[in-house]
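Heads up, the thing below is written out as C-alpha cells.
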Amino acid sequence: MQSGTFIAPSGDPGHQAHTVQFYAEDTFLLDDLSRFIGTALVAGDAAVVIATKAHRDGLVQRLQSLGFDTAKPKAQGRFIALDAAETLAKFMRQGWPDAALFSEVLGSVLGQAATAAGGLRRIAAFGEMVFLLWAKGNAEAALRLEQLWNDLAKSHALSLRCAYPMSGFDREEHSDLFVKICAEHSHVIPVESYTELIGEEQRLRSITHLQQKAQALQTEMAERKLVEEALRRSKADLESQVEQRTSALRQLSSRLLTLQDTERRRIARELHDSLGQYLVGLKLNVDMLRQSPEREELWAEAEQLMQQCISEVRVLSYLLHPPTMDAAGFASAAQWYVEGFGQRSGLDVTLEVPGDLGRLPDTLELALFRVLQETLTNVHRHSGASAAHVTIMEDAEQVILEVKDNGRGIPEELLSHFQATGAGMGVGLAGIRERARELGGTLKLESGSTGTLVQVAIPLTSADSR
C-alpha cells in the first residue's frame, strides 16, 4: 500500500469531536474529507463514511490520486463506506429516527470498525444522513439525528463530521434552525470562502464585510415587515369591502324574495277572484246546455273538464298562497300541503306537529311554508326517496322545521362545497338558506346513504322584530 502525505483537515478539532462542515462546492468538501479520512487511515485508525454515491466515489478517487490504496483497509474492515439513504431507512420510522434502531444499526457499524482497527484506536466518521432529512424538509428529524450521534459518541472514541451545503439554508426562516444545528456540534467549519483566507487581516476584513451584509439584511427584513404589514392592512380593507358588498347582495336577495312572495299573493288572489269566477260561469252555462238532448256525452265530458279546471286553479291558488294559512296558521297550511303533495307525487309523506302550535308571525309562517315547499320539491325531484317525514317543533326561543327523507343522499363533495360556499346545489337550497338567514335563523343539512335531513331553525324574536 502506498500512503500519501495528508495535511490535517481545516479546523480539525481532533479526537472526541462532533464537527459540522458547511460548503459551497463539492470540490471543497471532498478535498477536506479526503484529508480527514486519509489521515485516520494512515494512522491505523478506522474510518466510516455514510454518504451519497457521488461523494463516496469522489472520496475514493481523491484518496487514490494522493497515492492511497483503499482496497486494503476495506478488506481489513477499517474502512467502511455505506450509502446514506439506505442506512437512514434502516432506523427511520414514520419520518422520525428510532433511537433504539439507530443505536443498534450504527453501534454495530462502529463496533466492527473499532474491532478491525484494534479496539483502542479512534474512529473517524463522516455522515450525510442529516442533510438528506434536511433536504426533504424534515428539519426536526435532522436535529434529532444529530442528538443521537452525540449520544452514540459517548461510548466510542469517535471523531464525527457532518456536512451541509450552504445552499440549503437560503431562506429567512432557516435562521433559527441553522443556529440549532450549530449548537448540536462541538466545532463548526465555515464555507470555503472564509477558510481559504490567509492571514488575520483578511479574516478581519471578511468578518467586517459579513457584519455589513448582516446589517443590510436586517434593514431589508425590517422594511419587508413594514411592506407585509401594509399588505395585510390592505387585504383586511379589501375583505371588509367584499363583506359589505356581500351583505348588500344578501339584503337585495332578501328583498327580492319578499317581493316574490308579495307577487305570488297577488297572483293567487287574481286567479281565485277572476279566472276562478269565469270558470264557474262556464260550468253554469254547461249545466244549462245539458238541457239539450243532443250529444249528451259531449256535454258531460265538457262539464268534467270544466270541473277539473276549477280544481286545478284552486290548487294553484293555494300553492301560491294558501288561504288556510291566513285563517288558521302555518300548521293547517302545512297539513293541507303535505296531504296534497303526497297525492300528487306518490311519496309517503307524514307530518308531525305539536297540538298546541299556535299562530306565528306572518313573516315566519310564510318563510316556513316556502321552505316546506322547496324541500319536498327537492326530495321528489332529486332524492329518489319513497318516503319523507316532516316535523315542526317550537319552544320559547325558536321554531324548527325538519324534513327527513330515505333517498340516496347528497354526494359528500357537493355537500361540503355547499356548506362552505352556499353554492353548487341549485336555487332551491340556496333560497332556503337565504330565507333562514334573513330571519336570523340557520340551515342545517346532513346527508348520507340512508337519506337527507334538512333542518331550518328560526328565532321567534327575530321574526317578531320584522
Side-chain angles (χ1 to χ4, degrees), residues 1-9 11-21 29-30 32-53 55-60 62-64 66 68-92 97-132 144-163 184-187 189:
M1 175 185 71
Q2 295 179 340
S3 58
T5 301
F6 294 95
I7 302 174
D12 184 18
H15 292 18
Q16 296 292 342
H18 186 184
T19 303
V20 59
Q21 179 174 0
L29 171 67
L30 293 173
D32 217 40
L33 183 59
S34 64
R35 292 192 291 268
F36 174 60
I37 299 298
T39 299
L41 293 177
V42 168
D45 294 331
V48 175
V49 175
I50 308 173
T52 64
K53 184 178 186 304
H55 287 166
R56 296 197 313 273
D57 293 346
L59 171 63
V60 170
R62 275 166 172 72
L63 289 173
Q64 290 176 347
L66 293 171
F68 191 90
D69 183 6
T70 59
K72 186 173 181 179
K74 280 186 178 181
Q76 294 172 340
R78 289 193 303 116
F79 181 30
I80 300 175
L82 302 173
D83 182 78
E86 293 177 359
T87 306
L88 184 64
K90 293 180 180 179
F91 57 82
M92 291 294 292
D98 183 280
L101 288 176
F102 173 84
S103 180
E104 177 183 343
V105 173
L106 274 301
S108 174
V109 172
L110 296 179
Q112 293 174 15
T115 300
L120 297 178
R121 291 189 175 272
R122 76 160 182 165
I123 304 171
F126 171 76
E128 288 187 295
M129 295 183 293
V130 286
F131 177 68
L132 293 185
R144 178 57 180 155
L145 185 53
E146 297 283 16
Q147 295 166 358
L148 293 178
W149 272 117
N150 286 332
D151 293 339
L152 190 62
K154 295 176 183 178
S155 58
H156 294 81
L158 181 64
S159 179
L160 173 64
R161 180 170 299 191
C162 303
E184 295 296 334
H185 296 81
S186 59
H187 297 78
I189 300 176

Could you report the tightest heavy-atom contact between [X] and [Y], atom names first, then the distance?
| X | Y | value |
| --- | --- | --- |
| Cys162 | Val130 | CB-CG2, 4.1 Å |
| Ala46 | Ala40 | O-CB, 4.2 Å |
| Ala125 | Phe36 | O-CE2, 3.7 Å |
| Phe126 | Ala163 | CE1-CB, 3.6 Å |
| Asp98 | Leu101 | OD1-N, 2.9 Å |
| Ser34 | Leu59 | CA-CD1, 3.5 Å |

### Summary
Given the options Met129, Glu146, Gln147, Arg144, Pro97 meets side chain to side chain contact (heavy atoms under 4.5 Å, CB included) only with Arg144
### Task
Identify, with sequence neighbours excluded, every residue that meets side-chain hydrogen bond (donor to acceptor under 3.5 Å, both in side chains) alongside Asp151.
none
### Query
What residues, two or more places apart in sequence or in another chain, satisfy side-chain hydrogen bond (donor to acceptor under 3.5 Å, both in side chains) together with Asp83?
Arg56
### Message
Show, in sequence, the C-alpha distance, side-chain angles and deciding distance for Val20 and His187, and conclude whether the side-chain contact (heavy atoms from CB on, under 4.5 Å) test is met.
### Response
CA-CA 6 Å; Val20 59; His187 297 78; over 6 Å; no
### Query
Can you list the residues that meet the side-chain contact (heavy atoms from CB on, under 4.5 Å) rule with Gln64, with sequence neighbours excluded?
Val60, Thr70
Going from [atom1] on [X] to [atom2] on [Y], what distance comes out if it is rounded to the nearest 0.5 angstrom?
| X | Y | atom1 | atom2 | value |
| --- | --- | --- | --- | --- |
| Leu160 | His18 | CG | NE2 | 4.0 Å |
| Thr87 | Met92 | OG1 | CE | 13.0 Å |
| Leu41 | Arg78 | CG | CZ | 5.5 Å |
| Asp57 | Arg62 | CG | CZ | 11.5 Å |
| Thr52 | Phe131 | OG1 | CZ | 10.0 Å |
| Leu82 | Glu128 | CG | CD | 12.5 Å |

### Task
Applying ring-ring contact (aromatic ring centres under 6.0 Å, His included), name anything that partners Phe102, two or more places apart in sequence or on another chain.
Phe91, Trp149
### Task
Can you sort out the partners of His55 under ring-ring contact (aromatic ring centres under 6.0 Å, His included), two or more places apart, ordered by chain and number?
none
Throw together a table of side-chain donor-acceptor distances under 3.5 angstrom for residues 106-119, partners on residues two or more places apart or in other chains.
residue : atom : partner : partner atom : Å
Ser108  : OG   : Gln112  : NE2          : 3.3
Thr115  : OG1  : Gly111  : O            : 2.9

### Message
I want to check something: taking the side chain as every heavy atom from C-beta on, are Ile123 and Asp45 in contact at a cut-off of under 4.5 Å?
### Response
no
### Message
Apply side-chain contact (heavy atoms from CB on, under 4.5 Å) to residues Thr19 and Ile189 and explain how you reach the verdict.
### Response
CA-CA 7 Å; Thr19 303; Ile189 300 176; 3.7 Å; yes
### Message
What verdict does the side-chain contact (heavy atoms from CB on, under 4.5 Å) test give for Ile50 and Val48, after you've listed the backbone C-alpha separation in whole Å, the side-chain angles of each residue and the deciding distance to 0.1 Å?
### Response
CA-CA 7 Å; Ile50 308 173; Val48 175; 4.0 Å; yes
### Task
Considering only NZ, NE, NH1 and NH2 on the basic side and carboxylate oxygens on the acidic side, decide whether Arg35 and Asp32 come within less than 4.0 Å.
yes
